[in-house]
Amino acid sequence: MKIGAPKEIFEGENRVAMTPESAVQLIKLGHACVIETGAGAKAGFTDAAYEAAGVAVVPTAAALYEAADIVVKVRGPEAEEAKLLRAGQTLISFFWPAQNADLLAQVAAQGATVVAMDMVPRISRAQKMDALSSMANIAGYRAVIEAGNNFGRFFTGQVTAAGKVPPAKVLVVGAGVAGLAAIGTATSLGAIVNAFDVRPEVAEQIESMGANFVFLEFDASELPDGAATGGYAAPSSPAFAAKQLAKFRELAPEMDIVITTALIPGRPAPKLWTTDMVAMMKPGSVIVDLAAERGGNCDLTVPDQKIVTENGVTIVGYTDFPSRMAAQASTLYSNNIRHMLADLTPKKDGVVAHNMEDDVIRGATVAHAGAVTYPPPPPKVAAIAAAKPKEKVKELTPEERRAQETAAFKAQTKQQVTLLAVGGALILAAGLVAPPSFMQHFIVFVLSVFIGFQVIWNVSHSLHTPLMAVTNAISSIVILGALIQIGSSSFLITLLAALGVLMCAVNIFGGFLVTRRMLAMFQKS
């Protein structure tokens, strides 16, 4: 099938849904690729680069929609764009079906299939297609860069001949994908980072990245209502929200930079940074509101604008952070699209099989076969049989325990006696036909194997690797016997001795190498 990427017409959108690199991978799936001229220019991808990758370049969007069986975009289509879709054609893009019900109904009535990248289920198997996470990662990183650009001071502390510069204090509200990316970036730049999230379980993630988790004291009844879904935090209860705001008021005068990322699916962004908190902040401080597109977490945020308050606080309300890093964002997003198309093309023969029984494909499909298929059913989670509670082990009396141990000892002794009897009979049978010199060596060999087996059998499994590393090195003393025999006049003995030297040498060096690597694991770097 032909996969086409038109030029994005949304003002300020610099990303493109297909890169030359992703086109090469799509061609390997058996598809043909087509792109509108200039579609990748704002992201740094020229038409010549696409042509070199085997992509056909067409002059207009109308020509592309006419030629393509599958249209891939970043932003959802405008009303005029949607009219270009035809029956049987597939659109893959961000769509936000809950906010665009009329557009969804229009596209479904035209008979087109819509795969919304914002609806990809957040399950392990779908991580490679999770465009929301890949774009949020870029947004979190870019938020710190924008904050630094407007802050006017160093992030890291410095002591110079001209004076001492304290490190910047950063507060990140929300530790989702964007929040964690912001934490990592600010920490690597040397700032003192504090982070808050309504989910206490993310405290370890925050602290592992070098930030301080802002704790709240609350009762269990004040926890957020309901469970978190889809990787987002659930709405907070009024009591919890009040304590949360009180904590932010306490932190506001100390913070130089505040980055807010809190979003709740299907709802306006919660107001977490109020006007009085902004008034408490120092002149020159910066607020970057990543929730500006949904109304903002800050009371004073103006979407798509940067403002400066009367007390000198800069509030950045841009809604196009990923688009400001168009090359990187296009690369990651086109990879998400490519993985989605790989699932839609299971046989890699260029034929799309839209399997509505697949959790990921069904979850992302919001219109199909002339019908609106949003909202999707919950993903089918493999049922895990509830483990039966273990029966309580009856405590044994000392007499019962001794009787049990005696029975086990007798059974083990009987087994060992049987093995020894069988082994003795076999050795006796061999002694009837073998020369005495052979029998002397053979008996020593059998006894050493038996002793070695008994020693290793009683060692804990967790110690097998270090034990074998040492014993391999020590037991390779047998190389001396091989060296003595290597000068024999018999070719066969010489050959066996040479093989013995080789294998023992591997044992010696391998044993010490493994031991060294194990010891290095416990050494501080």
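Predicted model only: the values in this text are computed from it and were never measured.
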To the nearest 0.5 angstrom, please state how far the [atom1] atom of [X] sits from the [atom2] atom of [Y].
X	Y	atom1	atom2	answer
Met340	Thr345	CE	OG1	11.0 Å
Ser334	Gln25	OG	CD	10.0 Å
Lys2	Asp69	NZ	CG	8.0 Å
Ile70	Leu344	CD1	CG	6.5 Å
Gln328	Met135	CD	CE	8.5 Å
Met119	Leu132	CE	CG	10.0 Å

Side chains of residues 249-256: which donor-acceptor partners sit under 3.5 Å, not counting sequence neighbours?
unit_1: Arg249; atom_1: NE; unit_2: Asp276; atom_2: OD2; d: 2.7
unit_1: Asp256; atom_1: OD1; unit_2: Arg153; atom_2: NH2; d: 3.4
unit_1: Asp256; atom_1: OD1; unit_2: Lys282; atom_2: NZ; d: 2.9
unit_1: Asp256; atom_1: OD2; unit_2: Lys169; atom_2: N; d: 2.9

Worksheet entry | Test side chain to side chain contact (heavy atoms under 4.5 Å, CB included) applied to Ile35 and Val58, step by step | CA-CA 6 Å; Ile35 194 165; Val58 297; over 6 Å; no

Do any N or O atoms from the side chain of [X] and from the backbone of [Y] form a donor-acceptor pair under 3.5 angstrom?
X	Y	answer
Ser22	Thr19	yes
Asp118	Phe95	yes
Glu13	Arg15	yes
Thr160	Gly163	yes
Asn100	Leu103	no
Asn335	Thr331	yes
Ser188	Thr185	yes
Glu81	Glu78	yes

Item to complete: Quick one: list whatever passes side chain to side chain donor-acceptor pair (under 3.5 Å) with Thr37, sequence neighbours left out.
Response: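 Thr37 satisfies side chain to side chain donor-acceptor pair (under 3.5 Å) with Asp47 once adjacent residues are dropped.
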
Per the ring-ring contact (aromatic ring centres under 6.0 Å, His included) rule, what does the pair list look like for [range], sequence neighbours excluded?
range	value
residues 10-44	none
residues 294-346	Phe94-Tyr333
residues 169-196	Phe196-Phe248
residues 124-180	none

Worksheet entry | Side chains of Ser134 and Asn336, donor plus acceptor under 3.5 Å |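 Yes, a side-chain donor-acceptor pair sits under 3.5 Å.
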
Worksheet item: Between the side chains of Lys306 and Asn150, does any donor sit under 3.5 Å from an acceptor?
Response: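 Asn150 and Lys306 do have a side-chain donor-acceptor pair below 3.5 Å.
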
Please report the shortest heavy-atom distance between [X] and [Y], naming the atom on each side.
X	Y	result
Phe215	Ala203	CZ-CB, 4.4 Å
Ala329	Pro322	CB-O, 3.3 Å
Asp197	Gly176	OD2-N, 4.2 Å
Pro6	Tyr65	CG-OH, 4.0 Å
Leu332	Ile138	CD1-CD1, 3.7 Å
Ile27	Gly54	CD1-O, 3.9 Å

Hey, are the side chains of [X] and [Y] touching, using non-hydrogen atoms and a 4.5 Å cut-off?
X	Y	answer
Met281	Val286	no
Asn297	Lys271	no
Val144	Leu189	yes
Thr261	Ile259	yes
Pro121	Arg362	no
Ile192	Asn212	yes
Val278	Ile287	yes
Trp273	Leu171	yes

Worksheet item: Are Glu8 and Arg75 within salt-bridge range, i.e. N to O under 4.0 Å?
Response: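 No salt bridge links Glu8 with Arg75.
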
Fill in: Ionic contact status for Asp289 with Arg294, cut-off 4.0 Å
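Salt bridge flag = no for Asp289 with Arg294.
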
Not counting sequence neighbours, which residues clear side-chain contact (heavy atoms from CB on, under 4.5 Å) with [X]? List them please.
X	answer
His368	Thr113, His354, Met356, Thr365, Thr373
Thr46	Ala48, Ala49
Gln205	Leu180, Val202
Lys7	Glu36, Ala39

Worksheet item: Just one of Leu300, Leu245, Leu272 clears the side chain to side chain contact (heavy atoms under 4.5 Å, CB included) bar with Met277, so which one?
Response: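 The single option meeting the side chain to side chain contact (heavy atoms under 4.5 Å, CB included) with Met277 is Leu245.
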
Item to complete: Any salt bridge (charged side-chain N to carboxylate O under 4.0 Å, His left out) involving residues 315-335? Give me the pairs, sequence neighbours left out, ordered by first then second residue.
Response: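 Listed by first then second residue: Glu146-Arg324, Asp320-Arg324.
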
Worksheet entry | Residue pairs fulfilling salt bridge (charged side-chain N to carboxylate O under 4.0 Å, His left out) with at least one residue in residues 92-102, sequence neighbours excluded |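 Listed once each, the pairs would be none.
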
Item to complete: Would you check, one step at a time, whether the test side chain to side chain contact (heavy atoms under 4.5 Å, CB included) holds for Arg338 with Met18?
Response: CA-CA 9 Å; Arg338 173 173 64 84; Met18 181 192 297; over 6 Å; no

Fill in: Criterion side chain to side chain contact (heavy atoms under 4.5 Å, CB included) on Val288 and Val258, from CA distance to verdict
CA-CA 6 Å; Val288 180; Val258 176; over 6 Å; no

Worksheet item: Does the pair Ile3 and Leu341 meet the rule for a side chain to side chain contact (heavy atoms under 4.5 Å, CB included), with working shown?
Response: CA-CA 10 Å; Ile3 300 171; Leu341 285 165; 3.6 Å; yes

